[in-house]
Participant: 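Have a look at this one before I ask anything.
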Amino acid sequence: MEFLAKIFAMAIAAIFVQNFVLMRFLGLCPYIGVSKKLDSALGMGMAVIFVMTMASTFTWLIQTYLLVPLKIEFLQTIAFILTIASLVQLVEMIIQKTAPALYKALGVFLPLITTNCAVLGVAILNINEEYTFIFAILNGLFAGLGFTLVLILMAGIRERLERAELPRTMRGMPIAMIVAGCMALAFLGFSGLKF
Amino acid sequence: MSIILYSIATLGTLGVIYGLGLAFASKKFHVDIDPKIEQINEILPGVNCGACGYPGCSAYAEAIVKHSAEINKCAPGGDEVIANIAKIMGMEATSADKKIAVIHCQSGGTNNTFFRYKYHGIPTCKAAVLVSSGPNLCNYGCVFQNDCIAACQFDAIHLDENGMRIVDKNNCTGCGACVIACPRNLIELVSIKKRVHVLCTSHDKGAVSRKVCGNKTACIACSLCVKKCPVEAIEMQDNVAVIIYDKCINCGQCTDVCPTSAIFDPLKEVRAKKKAEAKAKAEAINKQPEEQKTTEILEDTK
């Protein structure tokens with residue numbers, strides 16, 4: 001029971017309280033770039049969830065069984081980037097062969113997130129927070145979910161803004177920036193939550 | 001010193017392992033892609049309009065190669081694209097009948113339309129028609145929120161000086177995006193060869209539709225055109241005349257009898273001019289001998 005409670009607390013923390021985009025400000029590039037349409041936002045979100053979970057798993061293993069025993073933790077960033085990049089490449093190949101429909105849905109997003117800072121961020125945070133193996137994987141999953149949630153919310157708002165009567169100077173990127181700011185403020189409200 | 005060695009060894013081995021793994025995977029999970037698909041995909045216009053019935057250009061390219069779909073379905077591409085696809089596939093080009101959009105409402109624009117109220121809501125037609133049957137008095141006509149213009153990727157629908165929507169024949173590719181966008185179903189794809197159209201879709205009784213149409217061009221279902229048509233190509237369907245394009249021969253006789261000019265014929269002026277010329281010629285021929293006679297008589301008298 002305590003285990004489940006811990007997982008729940010971690011989910012709330014990763015999705016809302018320490019949201020990757022709006023609280024940690026990681027992965028802002030796709031947050032602005034891929035949030036124009038709901039469909040592509042969903043595709044990107046799914047790809048990020050997938051890659052973050054996979055990356056958490058493998059980077060934790062590399063850190064624990066390779067870097068720590070050899071006392072070369074300072075190579076963390078390079079080793080993680082290398083791992084994540086080749087992992088994404090491998091996953092892309094496997095998906096293309098086994099699930100063409102999923103490959104088409106994820107499309108260009110898979111290679112795009114190879115070096116996304118949010119993915120590297122979740123890998124390094126897992127190590128810094130000294131999570132166990134299971135929790136590291138779950139943290140990756142929840143971080144991806146939080147990212148997807150924010151991306152979809154943003155896409156929904158921006159799709160509606162297309163129809164809104166805005167002053168000419170505010171159309172497009174300026175209003176998107178203002179919305180992003182408002183969303184960050186709203187998510188700041190979660191920061192009082194503690195478990 | 002040992003740390004440097006460890007670092008080099010670790011990263012080196014990691015790199016080699018990943019590299020070998022990826023090389024092995026690329027062999028094992030190799031997917032054969034027909035180069036024809038790529039070639040056809042490059043030829044297609046790439047606007048993903050969906051006129052072919054497939055979700056996007058690349059899906060259509062794949063369908064042509066893998067499932068031998070018909071090659072003449074790309075409306076925006078036209079004959080040129082069909083010919084190029086035929087070249088790649090080693091098939092004979094079968095030209096498709098080019099279709100363009102026809103808007104079946106000559107609203108006369110915002111200036112000539114009677115309104116129930118002034119609409120200030122969400123600026124789309126789909127929203128406007130929901131507010132007590134739309135802002136204009138005619139329950140079937142254009143509501144002027146430009147969904148069709150927004151849907152058109154080819155800049156083929158313009159406003160005339162009165163604010164009426166006009167389809168640009170040269171730009172329209174017949175993709176059908178506006179047909180789907182119009183919530184009042186005013187737009188239809190018709191072969192570019194057919195020139196005469198009934199530009200009204202009002203199913204109201206004649207007296208009502210005449211009253212609510214600000215442009216005075218409503219079809220009042222008088223059936224004169226049905227009687228006049230030499231090839232029986234016009235039918236009365238639920239209080240509006242409908243041209244059956246398969247039978248229509250572009251003679252334009254219906255335009256002459258229509259009391260409200262609901263039937264539009266772009267060739268009307270050309271026809272009138274030709275008629276006048278023919279008449280003048282006939283008269284000239286009739287006159288000529290008389291003139292000759294008179295001159296002969298005059299010469300005789302001399």
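From a predicted model like this one, the values you see are computed outputs, not experimental measurements.
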Participant: Which heavy atom of A:Lys71 sits nearest to which heavy atom of B:Ile3, and what is that distance?
Facilitator: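 Minimum heavy-atom separation between A:Lys71 and B:Ile3: O-CD1, 4.3 Å.
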Participant: List, one per line, each side-chain donor-acceptor pair under 3.5 Å for residues 5-15 of chain A, sequence neighbours excluded.
Facilitator:
none

Participant: Counting only non-hydrogen atoms closer than 4.5 Å, does B:Ser7 touch chain A with its backbone (N, CA, C, O), its side chain (CB onward), both, or neither?
Facilitator: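 Both backbone and side chain of B:Ser7 come within 4.5 Å of chain A.
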Participant: Does atom CZ (B:Phe115) have a neighbourhood of more than 12 heavy atoms from anything else shown, all under 6.0 Å?
Facilitator: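 For B:Phe115, atom CZ is crowded (more than 12 foreign heavy atoms under 6.0 Å).
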Participant: Could you check whether atom OH of A:Tyr65 has more than 12 heavy atoms from other residues, nucleotides or ligands sitting under 6.0 Å from it?
Facilitator: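 Check fails, neighbour count at 12 or below.
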Participant: Would you say that more than 12 heavy atoms from the other residues, nucleotides or ligands in this model lie under 6.0 Å from the NZ of B:Lys126, or not?
Facilitator: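 Enclosed: over 12 neighbouring heavy atoms sit under 6.0 Å from NZ of B:Lys126.
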Participant: Rounded to the nearest 0.5 Å, how far apart are CE of A:Met93 and NZ of B:Lys27?
Facilitator: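 If I round to the nearest 0.5 Å, the distance is 11.0 Å.
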Participant: Taking B:Ser2, B:Ser26, B:Gly19 one by one, which has the highest count of heavy-atom pairs under 4.5 Å against chain A?
Facilitator: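 Top count of heavy-atom pairs under 4.5 Å with chain A: B:Ser26.
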Participant: Is chain A contacted by the side chain of B:Thr124, its backbone, both, or neither, given a heavy-atom distance below 4.5 Å?
Facilitator: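 B:Thr124 touches chain A through side-chain heavy atoms alone.
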Participant: Does A:Ile72 reach the side chain of B:Leu11, with side-chain heavy atoms less than 4.5 Å apart?
Facilitator: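 A side-chain contact under 4.5 Å is absent here.
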Participant: Which atom names give the shortest non-hydrogen contact between A:Lys97 and B:His30, and what distance separates them?
Facilitator: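 It is NZ-O, 3.3 Å.
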Participant: For the candidates A:Leu70, A:Thr83, A:Leu87, which exhibits the highest count of non-hydrogen atom pairs separated by less than 4.5 Å from chain B?
Facilitator: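 Of A:Leu70, A:Thr83, A:Leu87, A:Thr83 has the most heavy-atom pairs under 4.5 Å with chain B.
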Participant: Considering residues, nucleotides and ligands other than B:Phe154, do more than 12 of their heavy atoms fall under 6.0 Å from its CZ?
Facilitator: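 More than 12 within 6.0 Å, yes.
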Participant: Tell me if the CG atom of A:Leu161 is crowded by more than 12 foreign heavy atoms within 6.0 Å.
Facilitator: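 Atom CG in A:Leu161 is crowded, with more than 12 foreign heavy atoms closer than 6.0 Å.
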Participant: Could you look at A:Leu66 and say if it's the side chain, the backbone, both or neither that has a heavy atom under 4.5 Å from chain B?
Facilitator: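 Side chain only.
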